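Keep in mind that what you see is a predicted model, and the values were worked out from it rather than measured. When a ligand or atom number is given, it counts from 1 through the structure's own listing order.
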Amino acid sequence: MTNFDLEYQKYFQYFNQYLDDVLSKLDPSAPSVIKEAMSYAIKDGGKRVRPVLCFLTGEMLNIPHDKLKEFALAIELIHSYSLVHDDLPAMDNDDFRRGKFSTHKKYGEAIGILAGDALLNFAFEHVINKKEFSQNDINALKILSNYAGYSGMIAGQVVDLQSENLTKINEQTLYYIYLNKTAKLIMAPILIASAIEGDSNYESLYNFGYHLGITFQIVDDILDEEGDFNQLGKSLHKDKQSGKLTAVSVFGLKNAKEKAREHYQKCIESIKCINGNELLLSFAKKMLERKK
Ligand code: GRG
């Protein structure tokens, strides 16, 4: 194992333990089924890319991870809700997620919708209960609510749905979808750590997050085309079946791989002047080379 793999593992385990602890303390008076469905949707199978990214950015900026844990969890709660809703019949209609049945397949559609709603609300409830909430925490919360909201991730999802079966290839629309649907939830953990530190490297980290998010989504499109079901834990070739606008449909497979590499290079360029950038650079490389 490389030093980076050990660091990833450390924060992955720390996060999962914190998550288990929080889930074990959910309000006893709430219906069991909603708590079970929430836990089912968020536990097991996720790579925890966003929380780990938050902790690694924090490490670079000298913020202890226990000062970021509430935000790291809030981001993963929002990410998990978006996956639950994305899998619903009205959206991507997928039976599998994270190597198991998607939440609505396991609990039925009504509870699936409500579990997504519950995860989203709990994200904000959890973070607002952080002890000693400072002005920097408020700034971080603004990023979270804006990036996940109607002009962020939801905007990306709306245009993504509208783009199905478009005959005209449109690179600008593709980048709009990628920025909003995917990159904003990858930028959020980085910019939240940045806000909590006081934003001394805001522009560099913004650019790093943007290019990392775009790299992540292009690789996701490539994996949808040539990945492995057992490794990915979700259905393949969904994009082609639904006639989605993707990097592969717009650029072709070979050029999509080249584009991913170009954005990865821009990640490196963006933070080269920040001291202690090694872990974030390794993270970006791992995202470029990921198989799941
Ligand atoms: C329903 C409001 C709403 C939004 C949905 C997240 C999303 C937007 C759609 C899911 C499909 C998709 C391709 C999203 C882009 C982001 C992405 C690649 C998500 C998968 O993230 P991973 O690979 O998943 O980090 P794990 O399971 O490892 O957490």
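- In this structure, of H79, R97, K184, Q157, the residue bringing a heavy atom nearest to atom 24 (O) of ligand 1 is H79.
- Y147 has its ring centre no less than 6.0 Å from the ring centre of H79.
- Using a cut-off of 4.0 Å between Lys/Arg side-chain N and Asp/Glu carboxylate O, R261 and E258 are scored as not salt-bridged.
- Sorted by first then second residue, the ring pair (Phe, Tyr, Trp, His ring centres under 6.0 Å) pairs that include residues 18-51, not counting sequence neighbours, are Y18-H126, Y40-Y107.
- Partners of H65 according to the ring pair (Phe, Tyr, Trp, His ring centres under 6.0 Å) rule, which considers only residues two or more places apart in sequence or in another chain, are Y11, Y14.
- With respect to the salt-bridge test (charged N to carboxylate O, under 4.0 angstrom), the residues E226 and K257 qualify.
- The pair D44-R98 fails the salt-bridge criterion, with no side-chain N (NZ, NE, NH1 or NH2) lying under 4.0 Å from an Asp/Glu carboxylate O.
- The pair D220-R290 meets the salt-bridge criterion, since a charged nitrogen lies less than 4.0 angstrom from a carboxylate oxygen.
- Close contacts between ligand 1 and Y81 involve ligand atoms 2 (C) [criterion: under 4.0 Å to a heavy atom].
- The option from K47, H85, R98 that lies nearest to atom 27 (O) of ligand 1, judged by heavy atoms, is R98.
- Interface atoms of ligand 1 facing D86, defined by a heavy-atom separation under 4.0 Å, are 1 (C), 9 (C), 10 (C), 11 (C).
- Proximity to D220 (heavy-atom distance under 4.0 Å) selects the following atoms of ligand 1: 13 (C), 18 (C).
- The option from R50, Q217, K181, R48 that lies nearest to atom 19 (C) of ligand 1, judged by heavy atoms, is R50.
- Close contacts between ligand 1 and I154 involve ligand atoms 2 (C) [criterion: under 4.0 Å to a heavy atom].
- For atom 6 (C) of ligand 1, the nearest non-hydrogen atom of the protein is S82 OG, 3.0 Å.
- Using a 4.0 Å cut-off to heavy atoms of T182, the atoms of ligand 1 that qualify are 15 (C), 16 (C).
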